[in-house]
Amino acid sequence: EWAKRLGGVAEDQISSIAVDSLDRIIVAGSVIGDADFNSDGDVTDAEEDGTTGDSSAFVSVFSSGGVYQWSYRLVDLLDESFSFAHSVSIDALDRIILSGDVIGDADLNRDGDMDDSGESATGYGDIDVFVEVFSPAGAHQWAKRLGGISIDKGLSVAVDSNDRVVASGLVAYEADLNGDGDAMDS
């Protein structure tokens, strides 16, 4: 048995925990500022710098014995975004699915820019839904931004028996429900 302390000196929140087929523990939540994601007592490792944005969604993965595996922090490269992780789920291949809210532009695919589909807040509203999928080793697989012109929330994510991602939450008014960039979905 083991315990870990994650986070920093500001407001931190663990919102969801999942366990994969290897009994790895996947922790998702949100932090403000510098935060320790691997429980080593400092905030100097990759992903721990909190100079971008205010609140950031994160996921940290630990082995069944408590050994740190990897972490991811959803960041805004322009220091104008906020994100909150609400739910994490695991599919049959141990891919990690993260869902939550994002305000403003965000680097959803970890490539160092915000030019790819769904990363810009242009055409979306105040708060939007994000869904991201990572390989068991932490490699980005895909991401979607969903929502409309108002406040939208990604509150829960699950996977069905065919490994299809199912996201739930709330949207106001017309909304992009499939991540194609338009609000003409039915």
Side-chain angles (χ1 to χ4, degrees), residues 2-8 10-40 42-50 52-77 81-103 106-112 114 118-119 127-146 153-159 163 165-169 179:
W2 53 271
K4 297 288 181 183
R5 181 181 199 143
L6 306 177
E11 184 177 326
D12 308 315
Q13 171 182 313
I14 301 295
S15 53
S16 187
I17 297 174
V19 178
D20 70 11
S21 69
L22 301 174
D23 289 333
R24 295 184 315 157
I25 310 302
I26 296 89
V27 179
S30 304
V31 295
I32 297 175
D34 294 342
D36 183 2
F37 294 129
N38 60 9
S39 193
D40 67 353
D42 65 45
V43 292
T44 60
D45 304 303
E47 307 283 352
E48 293 181 336
D49 180 8
T52 57
D54 189 4
S55 176
S56 299
F58 79 92
V59 61
S60 286
V61 180
F62 297 90
S63 72
S64 61
V67 176
Y68 173 76
Q69 305 289 296
W70 60 269
S71 60
Y72 164 73
R73 182 179 193 149
L74 177 57
V75 297
D76 154 37
L77 304 173
S81 177
F82 304 86
S83 58
F84 307 91
H86 293 292
S87 183
V88 65
S89 189
I90 309 298
D91 72 9
L93 299 175
D94 285 335
R95 290 179 294 210
I96 297 164
I97 300 96
L98 182 67
S99 178
D101 315 328
V102 63
I103 301 169
D107 184 13
L108 293 175
N109 64 3
R110 302 173 83 174
D111 68 352
M114 296 180 294
E119 292 183 328
I127 302 173
D128 302 306
V129 176
F130 75 86
V131 178
E132 289 196 74
V133 178
F134 302 94
S135 74
H140 179 268
Q141 303 289 294
W142 59 264
K144 297 282 185 182
R145 180 188 287 251
L146 310 171
K153 306 285 275 180
L155 300 176
S156 185
V157 66
V159 180
D163 277 344
V165 175
V166 180
S168 70

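Just so it is clear, the values below take in all heavy atoms, side chains as well, and ignore hydrogens, waters and symmetry mates. Quick note: residue numbers are just sequence positions, from 1.
In this structure a side-chain-to-backbone donor-acceptor pair under 3.5 Å is present from Trp70 to Pro136. Asp101 places no side-chain N or O within donor-acceptor distance of the main-chain N or O of Val129, the cut-off being under 3.5 Å. Remark: the backbone N or O of Ala57 is paired with a side-chain donor or acceptor of Ser83 at under 3.5 angstrom. With hydrogens and angles disregarded, a donor-acceptor distance shorter than 3.5 Å links the side chain of Ser15 to the backbone of Ala85. Checking side-chain atoms of Ser60 against main-chain N and O of Val27 turns up no donor-acceptor pair under 3.5 Å. Side-chain N or O atoms of Ser16 include none that pairs as donor or acceptor with a backbone N or O of Ala28 at under 3.5 Å. Not one N or O on the side chain of Ser64 forms a donor-acceptor pair closer than 3.5 Å with the backbone of Arg24.
Rounding to the nearest 0.5 angstrom, the gap separating the OG atom in Ser39 from the OH atom in Tyr68 is 11.0 Å. Note: Asp20 CG to Ile96 CD1 = 6.5 Å, rounded to the nearest 0.5 Å. Atoms CZ and CD1, from Phe84 and Ile127 in turn, are 7.0 Å apart once rounded to the nearest 0.5 Å. Separating the CZ atom in Arg95 from the OG atom in Ser89 is a distance of 11.5 Å, to the nearest 0.5 Å.
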Inset, instruction - Decide yes or no on side-chain contact (heavy atoms from CB on, under 4.5 Å) for Leu74 and Phe130, but give the supporting numbers first. - result: CA-CA 10 Å; Leu74 177 57; Phe130 75 86; 3.9 Å; yes

Legend entry - side-chain contact (heavy atoms from CB on, under 4.5 Å) assessment of Phe58 paired with Ser71: CA-CA 7 Å; Phe58 79 92; Ser71 60; 5.9 Å; no

Inset, instruction - Apply side-chain contact (heavy atoms from CB on, under 4.5 Å) to the pair Val165 and Val157, showing each step before the final yes or no. - result: CA-CA 7 Å; Val165 175; Val157 66; 3.6 Å; yes

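Of all non-hydrogen atoms in Ser87 and Leu155, the two that sit nearest each other are CB-O, 3.8 Å. Closest non-hydrogen pair, His86 versus Gly154, comes out as CD2-O, 3.2 Å. Considering all non-hydrogen atoms of both residues, Ser63 and Ile25 come closest at O-CG1, 4.5 Å.
Ring geometry for His140 against Phe134 counts as perpendicular: the plane angle is over 60°, on a 0 to 90° scale with 30° as the lower cut.
Tested against Ile97 for a side chain to side chain contact (heavy atoms under 4.5 Å, CB included), the candidates Asp163, Val133, Val166, Ile90 yield a single pass: Val133.
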